[in-house]
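What follows is a short report on a single structure.
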Protein chains: 2
Amino acid sequence: MDNQENKSKEQLILAAAEQEFLTKGYDGARTISIAKASGVTHAMLHYYFRTKEQLFERIVDEKFATMSSSMFAIMGDPLLPIVERIKGGIAAHFDFVAANPLLPRFVINEIVSRPERYEVLYKRAGIVLNSVYNGLQAEIDRAAERGEIERVDVKMLFISIMSLNIFTFVAYPFMEPIMGELMADRERFLAARKAENIETILRRIKKQ
Amino acid sequence: MDNQENKSKEQLILAAAEQEFLTKGYDGARTISIAKASGVTHAMLHYYFRTKEQLFERIVDEKFATMSSSMFAIMGDPLLPIVERIKGGIAAHFDFVAANPLLPRFVINEIVSRPERYEVLYKRAGIVLNSVYNGLQAEIDRAAERGEIERVDVKMLFISIMSLNIFTFVAYPFMEPIMGELMADRERFLAARKAENIETILRRIKKQ
DNA sequence: TTTTGCATTAACAATCTTGTTAAACAAAAT
DNA sequence: ATTTTGTTTAACAAGATTGTTAATGCAAAA
């Protein structure tokens, strides 16, 4: 037992479940369609994961972890000078979201539809992030005092970066048809968008 | 027949349906729970709207119209000088989204889950918006030639404005618990955020 | 070889959800 | 007064979806 075949079967179900849940959400997902997509019988899915709920939680846990690590990407490389650091942070975060384009919508939908469930998880994440922000805020304040950049609130800056980067992907299907040629070539558009987001944020912190 | 009582009953169902669909989406919504919320029997809901699908479409139509008019708000007042116009456009759009905070997530989710359904609607909207953009782009180009502002792509600017304004509300439940005191007072935070978004965009177009 | 324990299947049970229908009802029109 | 028209209710039908179970297979351990 517990051989490669088993592992692989469980993995197959998880992979199919991830796809199904990320695109259709909990309510839209069908266990039978997950089973079909992973090539196992419907009963097998329940044998491995007992309930749809439990299968879903496996996916949610992983996705929440991925999501929070994406937020640390914005921090950038602490060894670089502050402007370079922020520049690299934006780019890293953008690439992260580009590699997981379905993630933000999924996480946001999940939190909106069952907020109580994540309260505990959240309070903790909030505390961790807060101390991390404080460090960066201190560095920004020092740079501002040296006259290198404008004095800004790091949390506000983070929200702006996330807004610009995430919205690009969350709203892509919404905007693609109404933006004409600008978005016709996806790769080209994403590269332009990434540069635009960096430019927008750098101008925000530039000393005037 | 067709008296006030009837009108009011249909309206009650529509109001409850709007709330249910906007918060839970099509799959998560239950006709029986809409009926309960509006104080009519389950059969009555079907009597008035035949199917869940038809009831949903009534809501979708209205919401899509609201959404597209929100996009025109970004245009601002054509009589003002360009910088003031953009400033006013951002503020108007922000207020619009603030008044309909559930709208963007609903529209995006709907488009992602059933894209084919909105293709036609979309191609038309795209054409309209395109010509509108062109007008504004021309004005921006003239102002840039006079050296008043930086030369920018108006579509990119629009995406940035939408990103900053919409993400604030879409991700509010996600960020509220991890941003600590910054978001503790909602009114205060939204006012600060609105100012921050305007500042960010104005700096983006400022001549350096 | 027999036993043990997990894996697998097929059939089924229970519940939920949408949607229908027939009958009762109310109000207005004839 | 009776017919007509639209409203409301209760009961039910149909189908989908999740989850269970009993029987069987199969591979390793004893």
Side-chain angles (χ1 to χ4, degrees), chain A residues 1-63 106 109-110 113-114 117, chain B residues 1-63 106 109-110 112-114 116-117:
Chain A
M1 302 97 224
D2 213 6
N3 53 23
Q4 302 91 323
E5 288 294 323
N6 280 332
K7 264 259 160 70
S8 143
K9 204 153 257 187
E10 196 174 315
Q11 233 81 53
L12 281 174
I13 296 174
L14 279 171
E18 177 177 325
Q19 173 67 14
E20 178 92 355
F21 283 131
L22 279 181
T23 54
K24 304 187 186 171
Y26 181 81
D27 293 312
R30 294 288 106 103
T31 58
I32 203 171
S33 125
I34 294 172
K36 207 167 283 175
S38 43
V40 304
T41 66
H42 171 50
M44 280 307 295
L45 184 147
H46 284 285
Y47 174 73
Y48 278 114
F49 297 96
R50 206 64 182 173
T51 66
K52 178 184 182 181
E53 189 76 22
Q54 275 179 51
L55 176 56
F56 182 66
E57 254 162 46
R58 284 283 291 268
I59 307 296
V60 164
D61 286 350
E62 190 208 316
K63 291 304 148 192
F106 174 78
N109 280 336
E110 187 48 27
S113 56
R114 323 189 194 190
R117 206 162 159 180
Chain B
M1 303 97 222
D2 213 5
N3 51 24
Q4 302 92 322
E5 287 296 322
N6 282 332
K7 265 259 162 71
S8 144
K9 206 153 256 186
E10 196 172 315
Q11 232 80 50
L12 281 173
I13 296 174
L14 280 171
E18 178 177 324
Q19 174 67 15
E20 178 92 355
F21 283 131
L22 280 181
T23 53
K24 305 187 185 171
Y26 182 82
D27 293 313
R30 294 289 107 102
T31 58
I32 203 172
S33 122
I34 294 172
K36 206 166 285 177
S38 43
V40 304
T41 67
H42 171 51
M44 279 307 294
L45 184 148
H46 285 284
Y47 173 73
Y48 278 113
F49 296 97
R50 206 66 184 173
T51 67
K52 178 184 182 181
E53 189 77 21
Q54 274 179 53
L55 176 54
F56 182 67
E57 253 161 49
R58 283 282 291 269
I59 306 295
V60 164
D61 286 350
E62 190 208 316
K63 292 302 147 192
F106 174 78
N109 280 336
E110 187 49 26
V112 169
S113 56
R114 324 191 194 189
E116 68 289 350
R117 204 162 160 182

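Lettering of chains follows the sequences in order, A, B, ..., and the numbering in each one begins at 1. Side chains included, hydrogens not; waters and symmetry mates left out as well; all remaining heavy atoms used.
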Answer yes or no: does atom CZ of A:Arg50 have more than 12 heavy-atom neighbours from other residues, nucleotides or ligands under 6.0 Å? no
Once salt bridge (Lys or Arg N to Asp or Glu O under 4.0 Å) is applied, do any residues pair with B:Glu62, and if so which ones, sequence neighbours excluded? none
Taking CE from B:Met44 and C1' from D:dT8, how many angstroms apart are they, rounded to a whole number? 6 Å
May I ask you to evaluate whether A:Thr41 reaches the phosphate of C:dT9, defined as a side-chain N or O under 4.0 Å from OP1 or OP2? yes
Can you tell which of C:dA7, D:dT21, D:dT18 lies closest to the side chain of A:Ala43? D:dT21
Has the side chain of B:Lys9 got a donor or acceptor atom that lies under 3.5 Å from a matching backbone atom of B:Gly39? no
Can you tell me the distance, in whole Å, between the OH atom of B:Tyr48 and the C1' atom of D:dT9? 13 Å
Within the structure provided, determine whether B:Phe106 and B:Val60 are in side-chain contact (heavy-atom separation under 4.5 Å). yes
Sub-4.5 Å side-chain heavy-atom contact between A:Thr23 and B:Val112: no
Are B:Glu18 and B:Lys24 close enough for a salt bridge, meaning some N to O gap below 4.0 Å? no
Return the value, rounded to whole Å, for the distance between atom CD of A:Glu53 and atom C1' of C:dC16. 16 Å
What's the NE2-C1' distance between A:His42 and C:dA11, to the nearest Å? 12 Å
Separation of B:Leu45 atom CG from D:dT7 atom C1', in whole Å? 15 Å
Expressed as a whole number of angstroms, how long is the span from B:Phe49:CZ to C:dT18:C1'? 16 Å
Do the side chains of A:Glu57 and A:Lys63 get close enough for a salt bridge, i.e. N-O under 4.0 angstrom? no
So does A:Thr31 get a backbone contact from the side chain of A:Lys36, meaning a donor-acceptor N/O pair under 3.5 Å? no
Minimum-distance nucleotide to B:Tyr47 side chain [options: D:dG19, D:dG6, C:dT18]: D:dG6
Of C:dT18, D:dT20, C:dT9, the nucleotide closest to the side chain of B:Lys52 is C:dT18
Protein-nucleotide distance (A:Lys9, atom NZ; C:dT8, atom C1'), rounded to Å: 8 Å
Cation-pi check for B:Phe21 against B:Arg58: NZ or CZ below 6.0 Å from the six-membered ring centre and within 45 degrees of the axis, yes or no? no
List, with names and distances, any nitrogen or oxygen atoms from the protein found under 3.5 Å away from nitrogen or oxygen atoms belonging to nucleotides 22-25 of chain D.
none

Separation of A:Glu10 atom CD from C:dC6 atom C1', in whole Å? 13 Å
In numerical order, the residues of residues 23-38 of chain A whose heavy atoms come under 4.0 Å of DNA chain D are A:Ala29, A:Arg30, A:Thr31, A:Ile32
